[in-house]
Amino acid sequence: MGSTGTAIVIGAGVVGVTSAYALARRGWKVELVDAAPDVAAGASRGNGRQLSYSHTGALASPSLMPKLPKLALGCDPAFRLSLKPDLVYARWLTAFLWQCRRPAFARNTLECSKLASESRRAMDRLLDDHALSFGLRDAGKLVLLPDARAVDDARATLRLTAQFGQPQDILSRLAAIEIEPALEGFAAQFAGAVYAPQDQTADCALFCKRLLATITAEYGVVFRGGMRAVRIEDGKAESVVRFANGDARAAPLVIVAGGHEANRLLAPLGHRQAIAPMKGYSFTAPAGRKAPQVSITDSANRLVFTRLEDRILVAGRAELGETSAEVDVDRLQAMTRQAQAVMPDAADYSASDEGWAGIRPMTPNSLPVIRKLSSSLAINVGHGMLGWTLAMGSSNRLAQIVGSPA
Ligand SMILES: Cc1cc2nc3c(=O)[nH]c(=O)nc-3n(C[C@H](O)[C@H](O)[C@H](O)COP(=O)(O)OP(=O)(O)OC[C@H]3O[C@@H](n4cnc5c(N)ncnc54)[C@H](O)[C@@H]3O)c2cc1C
């Protein structure tokens, strides 16, 4: 029998760690486990660091539709869509296409913005209650829009999401350069920009470490690294988690927060979720003579530039269907060249670090799945391109759904 009031959270990325926090505050005795020895070993480790609470468009959009053939043929250097003979993946792609319709895009963007604003409030509350230091900066964010059509689309999205109260504006090219003079050196054209002055940046992996230290010390959360869960047996009153090392743990509540790998545990139970892997890369380099202070998203090239203290972090590429998190040196170099072409003086690209790659767990509608699957099993998965931004709000919702221990 599992011990009363125990919740086992599988996966210690940012979603698992924040889930552990939200459940511990509800009175659960939380055991957080991960296959890796430490927290934030997956997508939460080297991401773009942007807390994009304001501008949160879903990936499946009407404007992506006409570009899909080009993506499938590998003609876009930043976005690859691999086609493979896999029924599950084919179903995911079909669902993704369905979500590109205008009404679906509007609904998904609205829902994502709502969750992002909940996240912002939850993060502010966390920081009121606990002194955590993880490089949080009020950097503000500029999303560069390539042409007049993109400006019109962004204007429509802003109207849609205005109700959530995150201040943002559409700026002309000149006004954007006034806010971030480094954009004078931006080589590609842009017609305007969305400016979100209150968006932030912070180190997601450091946040996971610091939050774990806090919940271990103050809420009695126990973390076990090196524990790969291989099977879940979903009983009525409790679920049993079996690990690769032969251990087994039973608990009245098991949460799967395993990012893009969640289906390995969920599919055998008949609970497969529509999650596709989407690989991305990041690297850092010393800040150059025109290094931006404000976070920059170059939407045409799918690149983000984030200021660290004396370095610049560049993140990008969207490789849908890629499951290996190994750095492909050629692709990393292609991204580095692309970054250098658009912001040549932002960084000393010749002194870049070795780079990193991670897998975003994508749902067709860009919304995470936060759900109870049975009386002793729940999930918090599928945070896609915005998991760092959405983690706090998602985990709050999870805790509300599962409630307090009996
Ligand atoms: C290049 C890139 C840039 C990004 N930039 C941003 C950004 O700027 N802003 C933003 O908001 N988001 C960004 N994201 C997205 C964000 O990083 C992810 O959405 C988020 O990290 C997902 O968190 P997660 O906890 O669900 O998954 P992960 O961080 O991948 O964690 C899942 C964990 O589960 C563990 N696990 C899986 N299966 C098992 C098992 N069977 N047993 C035990 N443990 C298991 C894994 O070891 C892993 O540690 C970016 C992602 C990438 C790749």
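The residues of the chain are indexed from 1 along the displayed sequence. Treat the numbers as computed from the prediction; the structure is a model and nothing was measured. All ligand and atom numbering here is 1-based and tracks the order in the structure.
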Participant: Given His383, Gln50, Arg45, Met335, which one has a non-hydrogen atom that is nearest to atom 9 (N) of ligand 1?
Facilitator: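 That would be Gln50.
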Participant: Tell me whether the NZ or CZ atom of Arg25 lies within the 45° cone about the ring axis of Tyr219 and under 6.0 Å from its centre.
Facilitator: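 No cation-pi geometry.
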Participant: What's the shortest distance from atom 43 (C) of ligand 1 to any protein heavy atom, and which residue and atom give it?
Facilitator: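 Going by distance alone, atom 43 (C) of ligand 1 is nearest to Ala35 N, 3.2 Å.
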Participant: Considering distance alone, does some N or O of Ile10 sit under 3.5 Å from an N or O of ligand 1?
Facilitator: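 No, since none of the N or O atoms of Ile10 sits under 3.5 Å from an N or O of ligand 1.
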Participant: Looking only at protein heavy atoms, which one is nearest to atom 49 (O) of ligand 1, and what is the separation?
Facilitator: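 Sorting protein heavy atoms by distance from atom 49 (O) of ligand 1 puts Asp34 OD2, 2.7 Å first.
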Participant: Does the ring of Tyr89 carry Lys84 above it, NZ/CZ under 6.0 angstrom from centre and within 45° of its axis?
Facilitator: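 Judged by the rule, Lys84 and Tyr89 form a cation-pi pair.
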Participant: Looking at non-hydrogen atoms alone, which of Pro37, Gly387, Ser44 comes nearest to atom 23 (O) of ligand 1?
Facilitator: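 Considering heavy atoms of Pro37, Gly387, Ser44, the nearest to atom 23 (O) of ligand 1 sits in Ser44.
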Participant: Applying a heavy-atom cut-off of 4.0 Å, say which part of Ala229 lies close to ligand 1: side chain, backbone, both or neither.
Facilitator: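 Under 4.0 Å from ligand 1, Ala229 contributes backbone and side-chain atoms.
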Participant: Do any side-chain atoms of residues 257-278 form donor-acceptor pairs under 3.5 angstrom with protein atoms, and if so which ones, sequence neighbours left out?
Facilitator:
from: Asn263; atom 1: OD1; to: Gln273; atom 2: N; distance (Å): 2.8
from: Asn263; atom 1: ND2; to: Gln273; atom 2: O; distance (Å): 2.8
from: Gln273; atom 1: NE2; to: His271; atom 2: O; distance (Å): 2.9

Participant: Return a yes/no value for Met385: is any of its N or O atoms, backbone included, closer than 3.5 angstrom to an N or O of ligand 1?
Facilitator: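 Yes, Met385 has an N/O under 3.5 Å of an N/O on ligand 1.
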Participant: Tell me whether Arg264 reaches ligand 1 (any heavy atom closer than 4.0 angstrom to a ligand atom).
Facilitator: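 No.
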Participant: Counting from 1, what ligand 1 atoms have a heavy atom of Gly42 closer than 4.0 Å?
Facilitator: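 Heavy-atom distances to Gly42 below 4.0 Å select 29 (O), 30 (O), 49 (O).
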Participant: Look only at interatomic distance and state if Val15 has a nitrogen or oxygen under 3.5 Å from any nitrogen or oxygen of ligand 1.
Facilitator: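 Min N/O separation from ligand 1 is below 3.5 Å for Val15.
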Participant: Between Arg224 and Glu31, does any NZ, NE, NH1 or NH2 come within less than 4.0 Å of an OD or OE carboxylate oxygen?
Facilitator: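 Counted as a salt bridge, because a side-chain N and a carboxylate O are separated by less than 4.0 Å.
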Participant: Is the number of heavy atoms from other residues, nucleotides or ligands within 6.0 Å of NZ (Lys114) greater than 12?
Facilitator: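 Open: at most 12 neighbouring heavy atoms sit under 6.0 Å from NZ of Lys114.
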Participant: Using a strict cut-off of less than 4.0 Å between a Lys/Arg side-chain nitrogen and an Asp/Glu carboxylate oxygen, indicate whether Glu180 and Arg307 qualify as a salt bridge.
Facilitator: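 No salt bridge links Glu180 with Arg307.
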Participant: Taking distance alone, with N or O pairs closer than 3.5 Å, would you say Trp356 contacts ligand 1?
Facilitator: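 No: no nitrogen or oxygen of Trp356 is under 3.5 Å from one in ligand 1.
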Participant: Do NZ/NE/NH1/NH2 and the carboxylate oxygens of Lys70 and Asp76 come within less than 4.0 Å?
Facilitator: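 So Lys70 does not pair with Asp76 through a salt bridge.
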